[in-house]
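Accompanying notes for the structure given below.
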Amino acid sequence: MKQLMLTNQAVARGAYEAGVKVVSSYPGTPSTEITEFIAKYDEIYSEWAPNEKVAVEVAVGASFAGVRSMACMKHVGVNVAADPLFTASYTGVNGGMVLVVADDPAMHSSQNEQDSRLYARSAHVPMLEPAGSGEAKEYVKRAYEISEAYDTPVMLRLTTRIAHSQSFVETQERVEPAPKPYVKNVDKYVMMPAMAKGRHLVVEAREKRLAADAETSDLNRVERRSNQLGIVTAGACYQYVKEATDASIFKLGMVYPLPIEAIRKFAATVDRLLIVEELEPFIENQLKAHGIACEGKSIFGLQGEFSVAFLREKLYGTPAPASEVKVPGRPPVMCAGCPHRGVFYVLKKLGCTVSGDIGCYTLGALQPLAALDLCVCMGASVGMAHGFDKAGSERTRKMVAVIGDSTFVHSGITGIINAVYNQGTSTTIILDNSITGMTGHQQNPATGKTIKGDITAKLDLEALMKACGVPSVRVVDAYDLAAVEAVVKEEIAREAVSVIIARRPCALLDKHYPAPLSIDRDKCRKCKMCLKIGCPAIEHIGGVVRINKELCVACGVCTELCKFDAIK
């Protein structure tokens with residue numbers, strides 16, 4: 001049966017058909033939907049883990065127990081998961097294990113561009129890269145075959161365009177292999193130095209065998225079209241190359257290890273060999289190291305995302321057609337009623353230096369709030385605030401860290417423990433909106449619900465902070481600007497670590513809003529104070545400030561700014 005599927009959905013279907021039993025992931029665009037679709041299959045146990053490291057460890061444990069397992073994440077999540085991944089390469093598997101990673105060229109929803117193919121090579125594990133939904137489903141199944149045949153974790157790489165594109169998928173029935181018995185084997189599963197030295201030799205031998213078998217693997221194929229130009233490519237770039245050129249194509253399905261000799265033979269049949277790959281010259285550098293003449297990054301560059309128009313321009317000098325319609329830019333903003341908005345307004349008003357984190361609240365860096373000064377990675381806000389504090393810089397303007405509830409559980413807790421242990425004085429504000437917001441409302445340990453919505457233990461953030469030794473833990477309603485301001489003033493003056501939990505659910509969780517607010521024209525003095533919180537429901541058009549009733553959720557924060565009682 002054929003179905004039109006999002007590639008992320010097809011990966012989930014592949015896991016189902018492959019008989020996967022355990023999936024643990026952390027949400028991150030563009031990978032999030034994979035596990036959300038997997039959660040719809042009752043035959044698969046699925047969960048949101050607190051972070052990617054835990055997700056991979058769960059998958060490793062399930063694999064050791066003898067069943068097929070999977071962990072899914074975006075590219076920066078592999079940084080967090082690298083510790084267990086690299087050692088799992090040494091231990092190998094029992095049941096098959098696949099790590100699905102979604103890279104984000106052009107940084108549509110990420111803080112950096114990162115090429116996960118380098119992780120596969122560095123960890124010495126094979127990596128497959130599909131070019132569409134149908135391949136994605138089949139590659140998942142092949143990945144488990146490879147994992148079990150070669151005793152290795154396997155990585156499956158997507159990119160944003162592939163993850164969020166749709167094509168037809170031929171669905172099949174689930175085939176669930178019998179669990180493999182766990183047999184105690186200290187030399188294989190306990191990576192103390194003496195055992196690890198022996199397993200490293202196993203990894204090297206496995207990689208040589210994989211490389212040799214890649215030469216004849218049907219995951220890689222040649223599409224003969226031109227003798228003048230040959231292109232080696234994979235994934236989304238394959239789709240662009242096929243449409244933009246008439247070149248012969250060496251399409252890679254396994255991007256690591258590369259079939260070097262097969263590519264060498266292909267290169268001998270064309271006058272010119274190009275490598276079309278986004279991000280790093282991963283394929284290009286390896287081919288050049290093996291003496292295969294080719295071009296790539298000197299033509300296409302290292303940054304951003306490719307397209308059909310981009311390739312035509314670079315290869316044939318054909319400029320992309322100019323659009324006749326000039327569409328105005330639409331930068332992202334926090335939603336109307338977002339509980340983070342008022343907190344940032346207060347922090348800016350008080351002149352705080354703010355270290356931020358990854359989530360909806362990162363948008364607090366933009367005008368008109370412009371309250372966030374620093375942002376690096378998940379959980380870093382707490383550590384940066386402590387470092388800023390210990391540097392002794394601007395001691396009179398206390399550093400404030402802001403971090404969401406999900407991100408705090410992900411990697412902020414250890415930063416608080418470090419600040420307390422090392423006698424810091426920074427203040428952390430946990431923006432508790434009761435959900436993982438930026439990636440589309442996933443549950444986390446602080447929400448009290450599982451991925452399937454079942455009620456479970458709810459992490460008590462206040463009790464946790466007290467258990468970590470935080471001297472002062474305060475809870476405040478994020479909509480109450482006066483209360484937020486009073487608490488922040490008190491806590492940044494404290495010569496000790498303090499935590500403020502600014503709590504109010506995301507405005508999109510319960511859409512049963514009260515009647516929208518409006519502005520009384522007789523009372524309005526056009527002072528524009530209400531515009532300073534940057535709410536998209538408050539519009540300034542033709543010199544008149546008005547509230548868009550289609551957007552307003554009646555949170556009431558703007559009424560606290562109006563000194564003339566004009567907003568009702």
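Values below: every heavy atom of this structure, side chains too, minus hydrogens, waters and symmetry copies. Bear in mind that the values here come from a model prediction, so they are computed numbers and not experimental data.
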Hits for ring-ring contact (aromatic ring centres under 6.0 Å, His included) against F310, two or more places apart or cross-chain, chain-then-number order -> F306
For the residue pair Q442 and E36, confirm or rule out a side-chain donor-acceptor distance under 3.5 Å.
yes
### Task
Answer yes or no: are there more than 12 heavy-atom neighbours, outside Y182 itself, under 6.0 Å from its atom OH?
yes
Residues passing the ring-ring contact (aromatic ring centres under 6.0 Å, His included) test with Y16, sequence neighbours excluded, are Y41
Taken in chain and number order and not counting sequence neighbours, the residues that satisfy salt bridge (Lys or Arg N to Asp or Glu O under 4.0 Å) with R13 are E17
With a cut-off of 6.0 Å (strictly less than), are more than 12 heavy atoms of other residues, nucleotides or ligands near NZ of K452? yes
Those residues at least two apart in sequence (or on a different chain) that pass side chain to side chain donor-acceptor pair (under 3.5 Å) with D510 are H512
**Study point:** Main-chain N/O of D357 paired to S381 side chain as donor or acceptor, under 3.5 Å
**Key:** no
In short, salt bridge (charged side-chain N to carboxylate O under 4.0 Å, His left out) pairs touching residues 93-113 with sequence neighbours left out are D103-R157
Q.
Please evaluate residues R142 and D218 with respect to the criterion salt bridge (charged side-chain N to carboxylate O under 4.0 Å, His left out), reporting the C-alpha separation (whole Å), side-chain torsions for both, the decisive distance (0.1 Å), and the verdict.
A. CA-CA 11 Å; R142 290 293 295 276; D218 62 354; 3.0 Å; yes
pair V22-S63: side-chain heavy atoms closer than 4.5 Å: no
dist M97:CE -> R68:CZ (nearest 0.5 Å) comes out at 14.0 Å
Nearest heavy-atom contact between A236 and T159 is CB-OG1, 4.0 Å
Side chain to side chain donor-acceptor pair (under 3.5 Å) evaluation trace for H75 with N112:
CA-CA 9 Å; H75 62 293; N112 68 22; 3.2 Å; yes
- Message: For a 4.5 angstrom cut-off between non-hydrogen side-chain atoms, does I44 reach R174?
- Response: yes
OH of Y513 to NZ of K511, rounded to nearest 0.5 Å, is 6.0 Å
Given the options V100, V140, V98, L156, L128 meets side-chain contact (heavy atoms from CB on, under 4.5 Å) only with L156
Going by heavy atoms in the side chains, are L508 and C335 under 4.5 Å from each other? yes
Can you find a heavy atom in the side chain of L509 that is under 4.5 Å from one in the side chain of H441?
yes
The reported gap from OH in Y26 to NE2 in H410 (rounded to nearest 0.5 angstrom) is 5.0 Å
Shortest non-hydrogen pair, P30 vs A102, comes out as CG-CB, 3.6 Å
Given 3.5 Å as the limit, does a donor-acceptor pair link the side chain of Y150 with the main chain of G92, or not?
no
message = Between T362 (side chain only) and G359 (backbone N and O only), is there a donor and an acceptor less than 3.5 Å apart?
response = yes
Here the pair of heavy atoms bringing P445 nearest to V409 is CG-CG1, 3.8 Å
Look at E57 together with K53 and state whether they make a salt bridge at an N to O cut-off of under 4.0 Å. yes
Between I162 and L158, the two heavy atoms sitting closest are CG2-CD2, 4.2 Å
message = Just checking K188: does its NZ atom have more than 12 heavy atoms from other residues, nucleotides or ligands closer to it than 6.0 angstrom?
response = yes
If only atom types and distance count, is the side chain of S147 paired as donor or acceptor with the main-chain N or O of G96 below 3.5 Å?
-> no
Determine yes or no for a side-chain-to-main-chain donor-acceptor pair under 3.5 angstrom, with T318 supplying the side chain and E313 the backbone. no
Item to complete: Using the side chain to side chain donor-acceptor pair (under 3.5 Å) rule, take T29 and S109 through it: C-alpha gap first, then chi angles, then the decisive distance, then the call.
Response: CA-CA 7 Å; T29 307; S109 56; 4.5 Å; no
For this session: Report yes or no: does S217 contribute a side-chain atom to a donor-acceptor pair with the main-chain N or O of D213 at less than 3.5 Å?
Result: no
The complete set of side chain to side chain donor-acceptor pair (under 3.5 Å) pairs with one or both residues in residues 228-239, sequence neighbours excluded, reads R221-Y238, E223-Y238, S226-Q228, Y238-K242
- Message: Does this structure show an ion pair linking R117 with E277, if we count only N-O contacts that are shorter than 4.0 Å?
- Response: yes
The single option from T439, N8, T7 that satisfies side-chain hydrogen bond (donor to acceptor under 3.5 Å, both in side chains) with E33 is N8
Checking R206, R199, K180 against D151 for salt bridge (Lys or Arg N to Asp or Glu O under 4.0 Å), the one that qualifies is R199
Separation between CG (L85) and CG (L99), nearest 0.5 Å, reads 6.0 Å
Across all chains, not counting sequence neighbours, the salt bridge (Lys or Arg N to Asp or Glu O under 4.0 Å) partners of K251 are E135
d(Q111 CD, C377 SG) to nearest 0.5 Å is 7.0 Å
Q) Counting distance only, does the side-chain N/O of N227 pair as donor-acceptor with the main-chain N or O of V270 below 3.5 Å? A) no
> Heavy-atom distance under 4.5 Å between the side chains of T152 and P126, does that happen here?
Replying inline: yes
Q. So, S31 side chain and C72 main chain: donor-acceptor pair closer than 3.5 Å or not?
A. no
(message) Would you say CD of E170 has more than 12 non-hydrogen atoms from neighbouring residues, nucleotides or ligands within 6.0 angstrom?
(response) yes
inquiry  = Using only atom types and a distance under 3.5 Å, with no angle test, would you say the side chain of T407 pairs donor to acceptor with the backbone of I358?
reply    = yes
Residue pairs meeting side chain to side chain donor-acceptor pair (under 3.5 Å), one or both in residues 295-308, sequence neighbours left out, come to H108-E305, R161-E305, R272-E295
Rounded to the nearest 0.5 angstrom, the NZ-OG distance for K74 and S25 is 14.0 Å
Nearest heavy-atom approach of S116 to V101 is OG-CG2, 3.3 Å
Next on the checklist: In terms of relative ring orientation, are H340 and Y361 parallel, tilted or perpendicular, with 30° and 60° separating the classes?
Outcome noted: perpendicular
Sorted by chain and number, sequence neighbours left out, side chain to side chain donor-acceptor pair (under 3.5 Å) with N51 holds for none
Does E43 have more than 12 heavy atoms from other residues, nucleotides or ligands lying within 6.0 Å of its CD?
yes
So the side chain to side chain donor-acceptor pair (under 3.5 Å) pairs with at least one residue in residues 278-287 (sequence neighbours excluded) are E284-K288
Smallest heavy-atom separation, S133 atom then S165 atom, equals OG-O, 3.7 Å
**OP:** Examine distances only and state if a side-chain atom of Y256 and a backbone atom of M155 form a donor-acceptor pair shorter than 3.5 Å.
**Re:** no
Side chain to side chain donor-acceptor pair (under 3.5 Å) filter on Y90, not counting sequence neighbours, yields H200
Side chain to side chain donor-acceptor pair (under 3.5 Å) filter on Q443, not counting sequence neighbours, yields T447
